[in-house]
Amino acid sequence: MKEKLSFIVRHAIDSAVAAGHLKPIDPPPSMVLEIPKIAAHGDFSTNIAMTMAALQNRAPKEIARIIIDHIEDRDHLLSKTEVAGPGFINFFIALDRWHEVLKAVHQEDTAYGTSQAGLGKRVQIEFLSANPTGPLHVGHGRCAAVGDTLAAILSATGYEVEKEYYVNDSGRQIRTLGESVFVRYQQLLGKTIDLPAENYQGSYINDLARILLDQEGEHLLELPEEEAVTHCARFAAMKIFEGIREDIVAFGVSFGHWFSEQFLYDSGAVQAVIQDLKSRDIIYEHDGALWFRTKDFGDEKDRVVVRANGLTTYFASDIAYHKNKFDRKFDRIIDIWGADHHGYVPRVSASIRALGYDGDRFQVFLVQLVNLLRGGKPVAMSTRAGEFVTLREVIDEVGRDATRFLFLLRHYESPLDFDLELAKKQSNDNPVYYVQYVHARISNILKKAEERGYKDIDWHDDFSKILTLPEELQLIKLMARYPEVVARSARLMEPHRVPFYMKELAAAFHAYYHDRNKHKVVSDDAKLSAARLYLVSAIRIIIKNGLSLMGVSAPETM
RNA sequence: GCGCCCAUAGCUCAGUGGAUAGAGCGCCGGACUACGAAUCCGUAGGCCGCCAGUUCGAAUCUGGCUGGGCGCACCA
């Protein structure tokens with residue numbers, strides 16, 4: 001609808017210029033076509049006459065009038081066009097044209113809302129990527145929900161999307177994990193050793209040690225400590241990673257690729273990129289360590305890639321990792337990190353520019369932290385002490401649908417309060433049920449209708465003459481907006497727009513449905529019933545499509 | 001001290017440089033002899049943190065200030 005109108009307005013400006021009524025404009029002015037807040041201002045409104053005023057050296061209202069005079073509306077899309085206020089042009093869409101939206105929804109079905117804005121470009125989105133040193137916690141869940149939904153939204157707007165999880169299965173953290181487990185293992189065998197404070201303290205470490213002991217017995221005590229720790233590390237990382245994968249499945253997320261940090265070392269990629277940068281003097285030696293000239297590429301200081309003790313830093317493998325991403329020829333490379341990593345962004349961006357890649361193709365989105373509450377009170381969490389609520393516990397307690405929906409309901413740049421009690425409530429406090437209830441209600445209507453002989457209703461041109469109530473028109477207009485919500489959500493990388501739209505559509509439907517005396521869907525009037533069934537089943541399609549983008553189920557009954 | 005993010009109704013938050021800033025919760029008052037009340041209807045509630053600037057026009061853009069969150073390793 002909006003595209004059609006946009007075309008008409010552009011065409012009108014062109015023909016006004018051709019007729020000499022307006023000065024040629026180069027470049028053409030960017031046009032904002034929006035839906036006014038107030039119904040009296042039309043279905044769409046544009047400010048284009050006002051933005052052209054200065055260049056045309058004429059009054060906005062005069063320009064607006066000229067544009068309107070040159071509008072050709074061959075399809076009779078418009079019922080009224082007017083100049084209003086300081087120079088807005090307000091457009092009123094002809095009533096019967098709105099109903100074609102219903103036809104489009106039914107025809108496109110699961111594809112309604114998709115577009116080709118991404119032009120088939122290849123985009124890689126890396127998210128979650130939690131270290132296999134402990135279970136996923138609530139904050140990871142938010143990153144997972146945001147990343148997964150962004151991927152779905154990009155995919156719906158014509159991108160070819162690859163989701164990737166980067167597994168930090170190398171380095172000192174894994175070593176620390178091994179040490180932690182080995183200490184617990186020895187404690188289980190009666191040895192009196194204390195767990196050093198810098199080791200992982202969580203109770204899951206005890207569990208891992210117990211499993212290790214049960215499976216392999218006491219033989220680790222006979223190994224040299226070095227070997228025993230390595231063995232523990234490998235065992236623990238594998239077990240934890242298995243658990244993470246299970247949690248990811250339980251949360252309804254799937255990854256196309258799992259990329260191993262260890263692979264970057266085994267394949268020599270890390271050494272190769274360090275050598276290359278050294279030969280170009282982008283990496284230099286100082287105080288026995290190797291430093292990257294990140295300061296020359298926008299970071300506040302240079303950063304160490306190889307420490308004086310010969311060990312590489314996390315940054316070293318990250319350089320090789322991002323080089324690898326670029327070498328895989330993606331048009332866009334997107335990283336989604338927890339906001340606590342924001343200080344790391346300039347460094348990685350700097351390394352990408354230093355390697356000569358196009359920095360514009362790389363974007364980092366920082367997801368703000370989650371404050372976990374129960375009944376309004378903060379839940380004490382300390383990763384160091386190993387006291388935290390795992391994502392699994394939250395999924396088990398409040399359910400996957402509610403968890404995902406609530407994680408998506410805030411702009412990712414805002415800190416999120418997640419209240420476990422609120423999340424469990426099946427009321428208006430909890431919008432997920434509000435939206436899902438629409439799907440269940442409509443499913444039930446369709447079931448009842450089928451019992452009365454209504455099945456697979458086809459589009460009929462009469463529908464525009466039957467569905468004439470203001471609230472019916474309002475529903476249709478709302479449905480017409482859905483594709484733009486998805487497109488805008490993708491363009492701005494803002495997944496929260498989808499659940500907000502869902503809430504709005506749900507509210508409009510519930511209100512319509514509730515006044516059952518005024519407009520019962522299935523009535524004695526066969527034509528009216530068919531038209532309304534066509535209307536509500538279109539709503540159901542959009543609810544299902546939107547929930548599907550969020551990874552939330554659309555139940556037939558609740 | 002430096003950097004990133006946030007500040008809108010009592011609370012939690014939406015809001016595309018545009019015309020009269022919205023929703024849910026909460027408060028108060030109402031609605032089912034049923035296409036499921038996990039719903040609906042109504043009332044009240046606002047210096048859009050503060051100051052300046054840009055603009056025909058600012059909650060929205062820019063600068064400064066105040067308050068809050070997070071981060072500033074040869075850790076990951």
Side-chain angles (χ1 to χ4, degrees), chain A residues 32-38 40-41 45-47 50-51 53-54 59-60 84-88 90 131 133 168 171-174 176 198 286-291 300-301 303-315 317-318 338-346 366-369 371 376 409-417 419 422 425-438 440-449 451-452 484 488 491-492 496-497 499-501 503-504 506-507 509-516 519-523 529 532-533 536 557-558:
Chain A
V32 177
L33 199 56
E34 61 170 11
I35 299 170
K37 282 177 227 158
I38 298 152
H41 293 156
S45 171
T46 181
N47 62 349
M50 286 183 279
T51 61
F88 293 104
N90 295 338
N131 297 346
T133 52
N168 295 113
R172 226 194 68 171
Q173 42 169 358
I174 297 294
T176 306
E198 66 270 21
H286 177 70
D287 287 346
L290 290 181
W291 297 72
E300 60 185 33
K301 55 180 269 192
R303 306 288 178 176
V304 169
V305 287
V306 180
R307 290 180 273 165
N309 63 10
L311 295 176
T312 49
T313 60
Y314 186 84
F315 182 40
S317 49
D318 252 353
D340 51 340
H341 288 75
H342 77 257
Y344 204 71
V345 178
L366 299 167
V367 178
Q368 290 294 322
L369 305 180
N371 301 313
L409 201 54
R410 288 280 162 284
H411 194 297
Y412 63 84
E413 276 182 351
S414 301
L416 169 69
D417 288 338
D419 194 310
L422 221 62
K425 272 169 81 175
Q426 302 188 341
S427 71
N428 240 349
D429 285 341
N430 196 341
V432 62
Y433 300 111
Y434 186 77
V435 173
Q436 285 182 321
Y437 191 38
V438 172
R441 271 183 152 173
I442 296 174
S443 297
N444 199 46
I445 295 172
L446 297 181
K447 204 177 100 199
K448 289 270 160 65
E451 289 164 11
R452 293 178 57 171
E484 202 202 327
R488 187 171 181 79
R491 194 165 63 246
L492 300 175
H496 74 279
R497 291 173 181 276
F500 270 95
Y501 171 83
K503 277 170 59 176
E504 203 180 336
F509 170 76
H510 283 310
Y512 177 74
Y513 171 90
H514 203 272
D515 201 349
R516 55 176 76 93
H519 31 56
K520 198 160 164 153
V521 175
V522 182
S523 64
S529 300
R532 285 184 173 162
L533 283 165
V536 297
T557 59
M558 290 172 67

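Letters A, B, ... are given to chains in the order of the sequence lines, protein chains preceding strands, and every chain is numbered from 1. Predicted model, so just to flag it, every value in this text is computed and none were measured.
Side chain A:Asn47 to base B:G18: a donor-acceptor pair is found below 3.5 Å.
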Distances for protein N/O vs nucleotides 10-14 of chain B N/O pairs under 3.5 angstrom?
unit_1	atom_1	unit_2	atom_2	d
B:U12	O2'	A:Arg410	NH2	2.7
B:C13	O5'	A:Arg410	NE	3.0
B:A14	OP1	A:His411	N	3.0

Produce the list of close N/O pairs, under 3.5 Å, pairing protein atoms with atoms of nucleotides 53-56 of chain B; give distances to one decimal.
none

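Base-pair partner of B:A7: B:U66 (Watson-Crick or G-U wobble, both distances under 3.5 Å). The partner of B:G17 cannot be assigned: no Watson-Crick or G-U wobble pair with both contacts below 3.5 Å exists in any strand. Judged by Watson-Crick or G-U wobble contacts below 3.5 Å, the nucleotide B:C47 has no partner. Across all strands shown, the partner of B:C72 is B:G1, judged by Watson-Crick or G-U wobble contacts whose two distances both fall under 3.5 Å. B:A38 makes up no base pair with any nucleotide shown, lacking Watson-Crick or G-U wobble contacts both under 3.5 Å. Across every strand in view, B:G26 sits unpaired, with no contact that passes the Watson-Crick or G-U test at under 3.5 angstrom.
Close to B:A76, at under 4.0 Å from its OP1 or OP2, lies no side-chain N or O of A:Tyr314. Remark: A:Lys37 is not in phosphate contact with B:U20, judged by side-chain N or O atoms under 4.0 Å from OP1 or OP2. Applying the 4.0 Å criterion to OP1 and OP2 of B:G36, one finds that A:Tyr513 has a side-chain N or O inside that range. Distances shorter than 4.0 Å separate none of the side-chain N or O atoms of A:Lys447 from OP1 or OP2 on B:G36. The side chain of A:Arg307 places an N or O atom within less than 4.0 Å of a non-bridging phosphate oxygen (OP1 or OP2) of B:A76. Dashed line: the shortest gap from a side-chain N or O of A:Arg441 to OP1 or OP2 of B:A38 is not under 4.0 Å.
Nucleotides B:U16 and B:C61 have their P atoms positioned 9 Å apart, rounded to a whole Å. B:A38 and B:A34 have their P atoms separated by 16 Å, given to the nearest Å. The gap from the P atom of B:C5 to that of B:C65 amounts to 16 Å, rounded to the nearest Å. Look at the C1' atom in both B:G26 and B:A44: the space between them is 12 Å, to the nearest Å. Annotation: B:U20 and B:C48 have their C1' atoms spaced 15 Å apart (nearest Å). Taking atom C1' on both B:G63 and B:C11, the two are 32 Å apart, rounded to the nearest angstrom. Comparing the P positions of B:U8 and B:U60 gives a spacing of 13 Å, expressed to the nearest Å. When the C1' atom is compared between B:G24 and B:A14, the two are found 10 Å apart, to the nearest whole Å.
Residue A:Leu409 holds its CG atom at 8.5 Å from CG of A:Leu416, rounded to the nearest 0.5 Å. Atom CG in A:Leu366 sits 10.0 Å away from atom NE2 in A:His341 (nearest 0.5 Å).
For A:Glu504, the salt bridge (charged side-chain N to carboxylate O under 4.0 Å, His left out) partners two or more places apart in sequence, or in a different chain, are A:Arg481.
Between the side chains of A:Arg303 and A:Tyr344, not a single donor N or O lies within less than 3.5 Å of an accepting N or O.
Summarising the local packing, CZ of A:Arg172 is surrounded by 12 or fewer heavy atoms from other residues, nucleotides or ligands at distances under 6.0 Å.
Among the atoms of the strands shown, base atoms are found under 4.0 Å from some heavy atom of A:Asn444. Contacts of A:His41 with the nucleic acid, taken as non-hydrogen atoms under 4.0 Å apart, include base atoms. Counting any heavy atom pair closer than 4.0 Å across all strands shown, A:Ser45 reaches a base atom. Nucleic acid contact class of A:Glu504 (heavy atoms, under 4.0 Å, all strands): none. Within the 4.0 angstrom heavy-atom criterion, base atoms lie near A:Lys520. Residue A:Ala449 is classed as having no contact, given no heavy-atom separation below 4.0 Å to the nucleic acid. Within the 4.0 angstrom heavy-atom criterion, no nucleotide atom of any strand lies near A:Asp318. Contacts of A:Lys503 with the nucleic acid, taken as non-hydrogen atoms under 4.0 Å apart, are absent. At the heavy-atom level, A:Ala308 lies under 4.0 Å from base atoms of the strands shown. Residue-level contact check: A:Asp287 touches the bases, meaning some heavy atom is under 4.0 Å from a base atom. Residue A:Ser523 is out of contact with every strand shown, counting any heavy-atom pair closer than 4.0 Å.
Each of A:Thr312 and A:Gly85 was matched to the nucleotide of RNA chain B holding its nearest heavy atom; the match closer to the 5' end belongs to A:Gly85.
In this structure, A:Phe500 and A:His496 have perpendicular ring planes: the angle between them is above 60°, well past the 30° mark.
Among B:C70, B:A76, B:C35, the nucleotide with an atom closest to any side-chain atom of A:Leu369 is B:C70. The side chain of A:Tyr434 has B:U39 as its nearest neighbour among B:A73, B:U39, B:A76.
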